[in-house]
*Asks:* 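Starting off with a structure, shown below.
None of these values were measured; they are calculated from a predicted model. Ligands are counted one by one from 1 in listed order, and the atoms in each one are counted from 1 as well.
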Amino acid sequence: MNNIDIARVVVDVPSSQTNRPFDYRIPDKYQGIVQPGVRVIVPFGPRKVMGYVVALTGESEFDKLKPVSDVLDLTPILTEELIGLGKWLTEQTLSFYISSFQVMLPQVLKAKYRKELWRQDEELLPEALEQLFASRDVIDFEEFEQAGISYHQLQKTIHDGLIDVHYEVKSKETKKTTRMIQPGKEPLELEEATIDLPKQAVKQKEIVQYFIDNPEPVSQKYLLQQLSTTRASLKPLIEKGLLEEFKQEVYRDPYQNREFERTEPFALTEEQQEAIAPVLTSIEEDRHEVMLLHGVTGSGKTEVYLQSIQQVIDKGMEAVMLVPEIALTPQMVERFKGRFGSRVAVMHSALSAGEKYDEWRKIQRKEVQVVVGARSAIFAPFTNLGIIIIDEEHETSYKQEDHPRYHARDVAIYRGERHQCPVVLGSATPTLETFARAKKGNYRLLTLSKRMNDATMPEVELVDMREELHAGNRSMFSRALMESIEERLRRKEQVVLFLNRRGYSTFVMCRDCGYVSECPHCDIALTYHRRQERLKCHYCGYDEALPSRCPECESDSIRYFGTGTQKVEENLQQLLPEARVVRMDVDTTRRKGAHEKLLSQFGRGEADILLGTQMIAKGLDFQNVTLVGVLTADSLLNLPDFRAAEKTFQLLTQVSGRAGRHLKPGEVIVQTYTPEHYSIELASQYDYTQFFNHEMKLRKAFQYPPFYFLTLITVSHPNQLKAQEVTQKICKFLKGKLSDRATILGPTPSALARIKDRYRFQCMIKYKQEPEQRKLLKKVLHYYDEEIRKNELQISIDFQPYQLM
Ligand code: ADP
Ligand code: ZN
Ligand code: ZN
């Protein structure tokens, strides 16, 4: 027999042993329904589990196949291309197939499924079960489990066909529908019918009259509101067949209540024309090519993206536009919605699970041609891609720090090859990896060197905070910055103050003995949260009350230190009581919509100073901002990360770009303890090229990317010795197997040596070419599979890591 009646299924059992497709027979009733890309329920050992069908086949190396138990989707939720991508991701990142598929789908489709027991007919059940059902037809499986009735008894009734087991995908946010009403008869017939209606049925007559005048379907809600009546008058008309009701899916469009002003394309400048030409050619010729659009902030990159996307739409194709999560501001969305209207779906984390699902369905149903979104939008289920754009390509948020540890740029290039379309990477400060590739000609380099409207980049003044100290100024604001802020307040202009949160959160220290409050489960200082008067760990969530006395020496001069945004705000209010300050950080933007509210408040001029963390560094574009202050430029430099200088350069360039984007000239003041550091000095001169050259020399000398590839293996275990031992063993194994051109460093304790009571050790591989590497590491994972499954041991493998701690 050569029937295609076998489904190859990746099951939701994440373990090294089960990380391959399993074969199942497709029962007759599911023939044609089970196809690649649908989810099914299949028996797996003693349980039933969810799985993704990745292929159909007519042959299996096994004789006795179990049948597929249930089908969850009637149309595939993964395209053939995405199934292939999932396989590739799994191999590239050494993760589980199941996590690779899960990461491509909206949360709603990953929800846990629930079991139900369905009574099959009227026949009497054994007494215990009869009581449990208590004249209902369906009960939750949990009810059965709680009742303590024997499984044997249930098994027998199932065997006898009295009860059936059903699997419900349980999710709070599924499709949202609205009840629609439409006429069930022709207008003439409706008119006849009104005569037959009882005299006192005034409302019913009104309703019928409404449909004689408007034969289009309307929502029940709207109808009842318009005619100020209730469902009671509607029901008899539906029963008589004069009206019909049906359900229609509604999308929860978070932007539906916003009007977007339509914008027209600008006539491109000469530089923009030169930059866009190769992109348009590549679209025209259906040719895959990776391009780097290198241009300072305000040089017109976004306009180039918009016009490239227009060309793709005109060709009847689709576009993916990635922007970093924090740059996905309302202003950004507005530019895309303004140009392409309802052809745009927006995907970002601030949406509810239901909203995300709705946006995803618009893509799946081909109701939109453009998706603008953060990292995971790279998996948009488009089938006819014409371009993929990654703005701010240097952003580390494009790398997922959890299984599967993929980089959106790699996925973009994979998809770009499959679809034969261009991939455009844009940035003012590209990663060294990308710029090096562009210089070598692997990527095509497109440059925008000038800002629009002949605007110049704002002047950057570096203030040496050591000199401030010498001069007796102990405040966190230098005299220069203070004077400049005061001047803006007088001139009624606005100020953006930037504080880098990382490494500078507030911690509690004893002034007498130097004791610092640390998390008992992680090797990290606790952060002081003023509002709740509590100390919290940002890694594990542990919290405790603020101590009034030092636990070490009992002194009562235990204080909080550091410069959290709250503290800066306080100081600012003391020094400039008349200034109106808006603070934006994780605390003030937690609630949905808060981000947007604070920004528009500032945009309307209801505040003088916007004070915030990373999240204000990007995308903001306010006319009246003429001063940007950076309180602590060095905070990133001290991190144990070979990219520290690169990140500092990127951040300072980014922040400076916030000033003087319009007619009024801007000024930037950067406070630092190390003004002589090349990353700070060159950022203040906007000299990317010189920074690139300098940094490349160091990377080469210390064997770092882009000269070498890195693989970071982090081992963690509750027992310190065990963690170290395993890491040691892995290092030794690799040293024996990899070529002698690879450098293997370790075992060393991680910079964060303990998190959640687990000790962490790492091994770093530096290499140029090690084709056997993945195979070897897979062996390592296999070897420790048992201990990993018991969740005692954790081994994380990160190729091209961005987080080194
Ligand atoms: P970037 O993305 O590089 O920061 P934008 O595309 O946002 O730059 O351009 C900066 C400003 O210049 C925006 O306000 C944009 O509307 C405007 N702009 C861009 N291209 C043109 C053009 N060809 N003519 C006039 N204005 C333009
Ligand atoms: Zn003390
Ligand atoms: Zn902790």
*Asks:* Quick one: which ligand 1 atoms are inside 4.0 Å of a heavy atom on Gly300?
*Replies:* 1 (P), 3 (O), 5 (P), 6 (O), 8 (O), 9 (O)

*Asks:* Arg335 near ligand 1, heavy-atom distance under 4.0 Å?
*Replies:*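 Within the 4.0 Å threshold, so yes.
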
*Asks:* If I take atom NE2 from residue His407 and atom CZ from residue Arg375, how far apart are they, to the nearest 0.5 angstrom?
*Replies:*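 The NE2 atom of His407 sits 9.5 Å away from the CZ atom of Arg375.
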
*Asks:* Could you measure the distance from the CD atom of Gln307 to the CD atom of Gln311? Nearest 0.5 Å is fine.
*Replies:* 10.0 Å

*Asks:* Give a yes or no on whether a salt bridge exists between Glu544 and Arg534, defined as a side-chain N under 4.0 angstrom from a carboxylate O.
*Replies:*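 Not counted as a salt bridge, because no side-chain N and carboxylate O are separated by less than 4.0 Å.
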
*Asks:* Consider every N or O of Thr297 and every N or O of ligand 1, then say whether any pair is closer than 3.5 Å.
*Replies:*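 Looking only at distances, the answer is no, because the N/O contact criterion of under 3.5 Å is not met.
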
*Asks:* Checking Arg643 against Tyr802: charged group under 6.0 Å from the ring centre and within 45 degrees of the axis?
*Replies:* yes

*Asks:* Begin from the C-alpha positions of Thr626 and Glu667 and carry the test side chain to side chain donor-acceptor pair (under 3.5 Å) through to its verdict.
*Replies:* CA-CA 6 Å; Thr626 57; Glu667 184 190 357; over 6 Å; no

*Asks:* Any N/O of Phe266 closer than 3.5 Å to an N/O of ligand 1?
*Replies:*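 No; every N/O pair is 3.5 Å or more apart.
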
*Asks:* Nearest 10° is fine: what angle sits at the Zn ion (ligand 2) between SG from Cys513 and SG from Cys550?
*Replies:*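 The angle at the Zn ion (ligand 2) comes to 110°, rounded to the nearest 10°.
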
*Asks:* Using distance alone, with no hydrogens and no angle criterion, decide if Asp391 and Tyr305 have a side-chain donor and acceptor under 3.5 Å apart.
*Replies:*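 Distance-only check passes for Asp391 and Tyr305.
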
*Asks:* Quick test of your reading of the structure: of Gln273, Glu303, Met452, whose heavy atom lies closest to atom 11 (C) of ligand 1?
*Replies:*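 Result: the heavy atom closest to atom 11 (C) of ligand 1 is in Met452.
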
*Asks:* Consider only side-chain N and O atoms of Tyr443 and Arg437, and report whether a donor and an acceptor are under 3.5 Å apart.
*Replies:*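 Result is yes, a qualifying pair exists.
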
*Asks:* Could you list which atoms of ligand 1 come closer than 4.0 Å to a heavy atom of Ala267?
*Replies:*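 In order of number, 22 (C), 23 (N), 24 (N).
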
*Asks:* May I ask you to list the atoms of ligand 1 that are less than 4.0 angstrom from any heavy atom of Thr269?
*Replies:*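 Counting from 1, the qualifying ligand atoms are 23 (N).
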
*Asks:* Using a 4.0 Å cutoff against the non-hydrogen atoms of Leu268, which atoms of ligand 1 qualify?
*Replies:*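 Those atoms are 23 (N).
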
*Asks:* By number and element, which atoms of ligand 1 are closer than 4.0 Å to a non-hydrogen atom of Val296?
*Replies:* 3 (O)

*Asks:* What's the SG-the Zn ion (ligand 3)-SG angle here (Cys537, Cys519), rounded to 10 degrees?
*Replies:* 110°

*Asks:* For ligand 1, is any non-hydrogen atom under 4.0 Å from Gln272's backbone (N, CA, C, O), its side chain (CB onward), both, or neither?
*Replies:* side chain

*Asks:* Is a side-chain donor-acceptor pair under 3.5 Å present for Thr431 with Thr434?
*Replies:*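 Thr434 vs Thr431: donor-acceptor pair found between side chains.
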
*Asks:* Give a rough value, rounded to 10 degrees, for the angle at the Zn ion (ligand 2) between atoms SG of Cys553 and SG of Cys510.
*Replies:*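 It rounds to 110°.
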
*Asks:* Evaluate side chain to side chain donor-acceptor pair (under 3.5 Å) for Gln650 paired with Glu646, printing each intermediate quantity in order.
*Replies:* CA-CA 6 Å; Gln650 286 163 348; Glu646 184 182 355; 3.2 Å; yes

